[in-house]
Amino acid sequence: MSGQLVHHRPQWKSRVGFLLAAIGSAIGLGNIWRFPYLCYKNGGGAFLIPYFTALLVVGIPLMILEIGLGHKMRGSAPASYATVNKHWEWLGWWQIIFVMFGIVLYYSVVIAWCLNFFFYSFNLSWGLDPDTFFFKKFLMVGSSPFQVGDIRSPILFSLAAVWFLNWFIVFSGVEKGLERANKIFMPVLFGLVALLSLWSLRLPGAGQGVLVYIKPDFSKLKDMGVWIDAFSQIFFTLSLGFGIMIAYASYLPRKTEIVKDSIAISFTNCFFSVFAGFGVFAVLGYMAQATSQPVSKVVSQSIGLAFVAFPKAISLLPAFSQIFGMLFFGSLVIAGLSSSISILEAFTSGIVDKFHYPRKIIVSILCVTGFLGSIIFTAQSGLFWLDIVDHFLTQYGLVIAAIFECLIVGWMYKAKKLREHIRHTSLVSVPKAWDFQVRVIIPLVLVVLLVNSLIKEFSLPYEGYPVLSLVIIGKDWLIYTLAFALIVSGRSWKIEPSRREQH
Ligand code: TRP
């Protein structure tokens, strides 16, 4: 029977194909707009200390765990946990369901905004006041999360295009779709970002901006919040706790390089962030000089950075502003798409593993439901909803799922067994200390993160939103996805997962 499963499982055509797809999943919108801002806010260059500590302590070990598990079990997240222990299958479903019917719904709307702004770059439609343009004319943000308002048709159109692209890529399968798309996307993305950064660094005032970005303020390291930001960013940026890396690794051939690849994926992702930060701050430095303001006055966070500060800077450029805008928003679209297709694949492979439904039908249904589900975020209240759902799913969903993930693999399956598997299939093996990291250190660190987030939550409702909206929109999103996961895991398998393991 396991022969049959092996036979049906798609495989990456090449190791580079797998690496690019995993890097494509990891590098996303978060690298370009979230990392530079976090770095600036949390002590500039000094932030690299907690960031790289988080990478080494949690990021890489967990990446090895996810890739090792998917490879060993030859299955998506639900199939992999079910093989370890039937009672934990729900966790795999929960991960891919809350990412698929939570994170990706708003994430695809942000990609859609980038697509709109790509076209707006043609004639710099945002004019002299990008702030008013973005919030009042483009999003038409309402006054509270409860006033859903109208659906914004320009966003709806580009959202349809985003879901069509998602569908088109994933529909064609692992090798012909995902592998091929990432083989084009990733080199193009690296080229674009390199071009943009070099261009920005030559602008007058760029040095000033870069200085603000990297100037270390070591006193910030005493602040617990800075460390929490670093650890949560590592999670989101490396796509850990999403069930994605498990599914991607299940398409690897038996002989593979789990440790080397995990290190390569993680470092490429993090260096990309640091590098993109230079470009972002060079542009802000230029803008500060052009408007005779200090850099600190022109920096804004996440969404404001990409859709307000950048358009402002683009309009100020002495030449080729339109092209710069198109390159910038084009890169965001590519970075976003290569991440969103990864969860579609992780979800599809979960359903295929369990129910053996035809893949193309699943992908098509999934993309239509995904599109319909994202529409809520294109309404005038969309920005509030996005903010709330993002907060709950990334601060709680991902962290809780990863704690269980470590405990299941570390204690129930036994970290040692997975380490042995990696030793047998790869040239480089995992040091023994990894067992302790997976069983004790990572869960502990994550529990501290979680408790801290909870304390903050109760002392101050997130961003001052009405408590009721947080409870209804945020918490319920977690609970409904959990209920959905429990229902799916209660259904019976077409072929029992007990014989999945690869020897
Ligand atoms: N790593 C991505 C980033 O930094 C986020 C991401 C990865 C993601 N996979 C995803 C988001 C799937 C939504 C769906 O932006």
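Counting starts at 1 for both ligands and their atoms, following the listed order. Values below: every heavy atom of this structure, side chains too, minus hydrogens, waters and symmetry copies.
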*With atoms numbered from 1 as shown, which atoms in ligand 1 lie under 4.0 angstrom from a non-hydrogen atom of Ile103?*
11 (C), 13 (C)
_Protein contact of atom 4 (O) of ligand 1 - nearest heavy atom, named by residue and atom, plus distance_ = Asn31 OD1, 3.2 Å
*Given the side-chain rings of Phe138 and Tyr120, with only the six-membered ring counted for Trp, is the space between their centroids under 6.0 Å?*
yes
*Looking at the rings of Phe18 and Tyr251, which for Trp means the six-membered one, are their centres under 6.0 Å apart?*
no
*Checking salt bridge (Lys or Arg N to Asp or Glu O under 4.0 Å) for the pair Asp353/Arg74: CA distance, chi angles, key distance, verdict?*
CA-CA 10 Å; Asp353 284 348; Arg74 280 192 164 269; over 6 Å; no
*Any idea which atoms of ligand 1 are less than 4.0 Å away from a heavy-atom of Ser25?*
1 (N), 2 (C), 7 (C), 9 (N)
_With heavy-atom distances below 4.0 Å as the criterion, list the atoms of ligand 1 near Ile343._
12 (C), 14 (C)
*Would you mind running through ligand 1 and noting each atom that sits below 4.0 Å from a heavy atom of Leu29?*
15 (O)
_Give me the atom names and distance for the closest heavy-atom approach of Ala247 to Ser349._
CB-OG, 3.7 Å
*For atom 1 (N) of ligand 1, what is the nearest protein heavy atom, given as residue, atom name and distance?*
Ala26 O, 2.7 Å
*Distance filter under 4.0 Å to Gly30 heavy atoms, resulting ligand 1 atoms*: 3 (C), 4 (O), 15 (O)
*Taking the six-membered ring for Trp, are Trp90 and Phe404 parallel (under 30°), tilted (30 to 60°) or perpendicular (over 60°)?*
perpendicular
*Only one of Lys220, Arg34, Lys41 passes salt bridge (Lys or Arg N to Asp or Glu O under 4.0 Å) with Asp229; say which it is.*
Lys41
_Looking only at protein heavy atoms, which one is nearest to atom 8 (C) of ligand 1, and what is the separation?_
Phe242 CE2, 3.7 Å
_Does only the side chain of Ile244 get under 4.0 Å from ligand 1, or the backbone, or both, or neither? Count heavy atoms._
side chain
*Could you go step by step and tell me if Arg9 and Ser250 meet the side chain to side chain donor-acceptor pair (under 3.5 Å) rule?*
CA-CA 8 Å; Arg9 198 147 200 92; Ser250 73; 2.9 Å; yes
_Option with minimal heavy-atom separation from atom 12 (C) of ligand 1, where the choices are Ala346, Ser339, Ser239_ = Ser339
*asked:* I'd like to check which ligand 1 atoms, numbered from 1 as shown, lie under 4.0 Å from a non-hydrogen atom of Thr237.
replied: 1 (N), 4 (O)
